[in-house]
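Okay, structure first, notes after.
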Amino acid sequence: MTPRERILAAMRLQPVDKIPLMCQMSIGHMLQQFQCSPAEFWHDARCFAEGLLSLRELYQFDGILVSLHGHDPEWKNNIASRRMTGEYEEILWKNGDTTHFLFDDLPEHISAAPKNLLDIFSVTKNDLPQHVNFIPVSQGLNFFIHPEHRFDIFRILREKTGGEISIHGEITSPLDYYLECTGYQEGLMGMIDAPGQVKMVMQHFTEQLQELAAAMCGEDIDAIKISSPYAGAGFISPEFYSEFVLPYERELARTVRGADVEIYTHTCGAVNDRLEMMFDAGVSGIECLDPVPLGDVELEDAFTRIGSRGFIKGNIDSVSVLLQGTKEEIISDVRRRIEIGKQFPGFILSTACSIAPRAPKEHIQLLRTLIDEYGRK
Amino acid sequence: MNPLLQTLAETIIDGKHLDADRITMQLLEEGLTPMTILDEGLLPGMGVVGRRFRDGEMFLPQVLVSARAMKSAMKHLDPILAASNAEPKGTILIGTVRGDVHDIGKNLVSVMLQGNGYKVIDMGIQNPAEKFLAMYEEHQPDIIGLSALLTTTMMYMKTIIELFKEKNIPVPIIIGGAPVTQKFADEIGANGYARNAVDAVDLVHAIMKR
């Protein structure tokens, strides 16, 4: 099987020759390994694509997750000044903003103007963006999507990989867009204070994201990951999950699967109490399933409960095991997950959350060795 | 006991900030002391919130509205308590470390500590070691709390702890954040680790009793 065929088969619960391997990588980890200008890596589609390809090659992953898309090819025209310090690459933008591009983590963006947050009590549809033109990457950090270059990155990658590697896009959950626009604490309280308003905002973003996802599906990708980090038990109850997450992710799933593309949800932390509900969105699979201590999912139990409903992509602890563990601890932990995953269809071996920035490359390379030794079917 | 104190506790648990505001004013008008309102109404209410959060019966939105209700009540009590020189249970300096902009967990710890009678000086995000030192010297807190969400920034906690050790300042420094563990806390010489906001309050209680 080619890597792409292997991933596709696993996502469709079909037989595979060996367990597929595909981890999502943090920007910091890619920068540590790829060694380039962090600003170029963040803003330049070709540089980002080269990094993704280089790391896939290094780790022999079967697929590539494209976490950023919509790079502006003219981004350098917005630069007022640029300098390198010992700690970061700094860009002062013509609009007065500053960005510090770290060498081992996400950029830090400092806006010149204070951010206008939405007031959930008074917001109307007219106050909301009419097009989704950004990706809420992390708290306070957005990546702007150029409307005419939304999917250049996928074309570059497809051209370079010749269709042999599984390529996945990423869409951020409507819940993240909502929280980014209201502020996280106000947004969470809004679910109690003004649930009808919250749903109006969520529905609005969902419609925008459906359009984005549908267009992304036309780029010869195999799957879209919904990044939904705030939907776990560390934040909201199962009841709120059902009320404020499920209906909207269900709409996204319907759009993507209607285009014959797979879709899976990534929610970090504790999700053991809602594994079944996550599948109620109609997704093809779920990703992450953090084990203790970051989360609370036991892989074998998860397969028993939901393994027949779709694929599972996870669940190696990227911090305690791959970042901090010894070689022996990694082998023992990963081998156990391979042995469990081998018993069920639809397993993709992956880190739960992204590979941590400073995880040694030798630790990640062990994954391929272990799959080849123990993961054949 | 004035039955309104029980009602006040319930408004905290239910997160009804307007009711908490109104009932607190009413209790003050009836002649209850701020300490009585705090000890017999607000703190028992926040105690229930903490227990339910720890046991998975309450989640972040509910805790945040409870904290907001607590704040609504405290805005009436704080000026009187300050004027009477009433001592808080302790003073905690808390902040997210340099390089890290994440503050949801830190804010939650902050409100839970305030809700349990501590004075909290919240330094916000992106704090270098020197700022922790300067704030320590200015406020003389009983405990310092460090927060980090990232595996890259959690390493900076060690820098802060080492700075305080270099200066021979014996203030207890406790840490928390998603990637942080007890093992990591031991490795970097922290005086304590809390897995979540409720554990952080218990940890602070325990350290203050020493």
Side-chain angles (χ1 to χ4, degrees), chain A residues 26 28-29 32 87-88 100 102-106 108-110 138-141 179 183-193 195 198 229-230 232-241 244 268-270 273 290 292-296 317-320 322-324 353-359, chain B residues 14-18 52-69 71 96 98-108 110-111 124-126 128 148-156 176-185 187-188 193-199:
Chain A
S26 63
H29 183 76
Q32 286 283 295
E87 290 182 62
Y88 47 75
H100 295 158
L102 307 177
F103 301 110
D104 65 354
D105 219 322
L106 288 169
E108 297 167 6
H109 187 80
I110 304 132
S138 186
Q139 200 181 340
L141 178 70
L179 293 173
Y184 288 78
Q185 283 170 222
E186 292 301 321
L188 289 167
M189 288 193 287
M191 293 173 168
I192 293 170
D193 293 336
V198 175
Y230 298 104
F235 292 92
I236 59 172
S237 65
E239 292 75 24
F240 273 24
Y241 186 89
F244 295 106
C268 324
D273 64 353
D290 274 311
V292 174
L294 287 171
D296 59 354
D317 183 327
S318 54
V319 179
S320 307
L322 287 184
L323 174 66
Q324 298 165 339
C353 267
S354 306
I355 297 173
R358 292 192 177 273
Chain B
D14 296 338
K16 293 181 174 166
H17 66 287
L18 298 177
R52 290 186 182 173
F53 182 59
R54 182 192 58 206
D55 296 343
E57 294 166 13
M58 278 177 94
F59 292 82
L60 204 44
Q62 289 80 11
V63 174
L64 288 169
V65 295
S66 289
R68 182 177 59 186
K71 226 174 186 173
T96 304
R98 192 184 77 173
D100 207 321
V101 299
H102 301 89
D103 62 2
I104 296 173
K106 184 263 299 169
N107 292 348
L108 188 61
S110 186
V111 296
I125 58 173
Q126 291 267 34
L149 180 75
L150 307 172
T151 54
T152 45
T153 56
M154 75 183 197
M155 302 312 295
Y156 191 73
V180 176
T181 58
Q182 182 64 56
K183 186 178 164 213
F184 177 74
E187 281 168 8
I188 66 169
Y193 154 75
R195 194 166 161 267
N196 56 44
V198 181
D199 288 355

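The chains referred to below are lettered A, B, ... by the order of the sequence lines, with proteins before strands, and numbering in each begins at 1. If you're wondering where the values come from, they're calculated on a predicted model, not measured in any experiment.
Per-residue counts of heavy-atom pairs under 4.5 Å with chain B were compared for D273(A), D193(A), L323(A); the largest is that of D193(A). Heavy-atom pairs under 4.5 Å with chain A were tallied for L108(B), D103(B), T181(B); the largest tally goes to D103(B). With chain B as partner, the option from G234(A), A270(A), A356(A), S237(A) having the largest number of non-hydrogen pairs under 4.5 angstrom is S237(A).
With a 4.5 angstrom heavy-atom cutoff, F240(A) touches chain B only via side-chain atoms. There is no contact between F244(A) and chain B, counting heavy-atom distances below 4.5 Å. At a 4.5 Å heavy-atom cutoff, the contact between S138(A) and chain B is made by side-chain atoms alone. Proximity to chain B is limited to the side chain of Y184(A), based on heavy atoms less than 4.5 angstrom apart. Of the atoms belonging to L294(A), it is side-chain heavy atoms, and not backbone ones, that fall under 4.5 Å from chain B. Contact annotation for L64(B): both backbone and side-chain heavy atoms come within less than 4.5 Å of a heavy atom of chain A. The part of D105(A) that comes within reach of chain B is its side chain, from C-beta onward, which places non-hydrogen atoms under 4.5 angstrom from that chain. Interface residue Q185(A): backbone and side-chain heavy atoms are both found under 4.5 Å from chain B. Residue contact with chain A, scored on non-hydrogen atoms closer than 4.5 Å, involves the side chain of Q126(B) exclusively. Within the 4.5 angstrom heavy-atom criterion, no atom of D317(A) approaches chain B.
Atom CG of D100(B) is separated from atom OG1 of T152(B) by 7.0 Å, given to the nearest 0.5 angstrom. Atoms OG1 and CG, on T151(B) and L322(A) in that order, are 11.5 Å from each other to the nearest 0.5 Å. In this structure, the separation between CE on M155(B) and CD on E187(B) is 8.0 Å, given to the nearest 0.5 Å.
Residues T96(B) and V101(B) form no side-chain contact, since every pair of their non-hydrogen atoms from C-beta on lies 4.5 Å or further apart. No side-chain heavy atom of V65(B) sits under 4.5 Å from any side-chain heavy atom of H17(B).
The backbone N or O of V198(B) lies less than 3.5 Å from a partner atom in the side chain of N196(B), making a donor-acceptor pair. Judged purely by atom type and a 3.5 angstrom limit, Y230(A) has no side-chain atom pairing as donor or acceptor with the backbone of F235(A).
Every residue was checked against the side chain to side chain donor-acceptor pair (under 3.5 Å) condition with D14(B), not counting sequence neighbours, and none meets it. By the side chain to side chain contact (heavy atoms under 4.5 Å, CB included) test, P128(B) is found to be paired with R98(B), E130(B), K131(B), Y156(B), residues two or more places apart in sequence or in another chain being considered.
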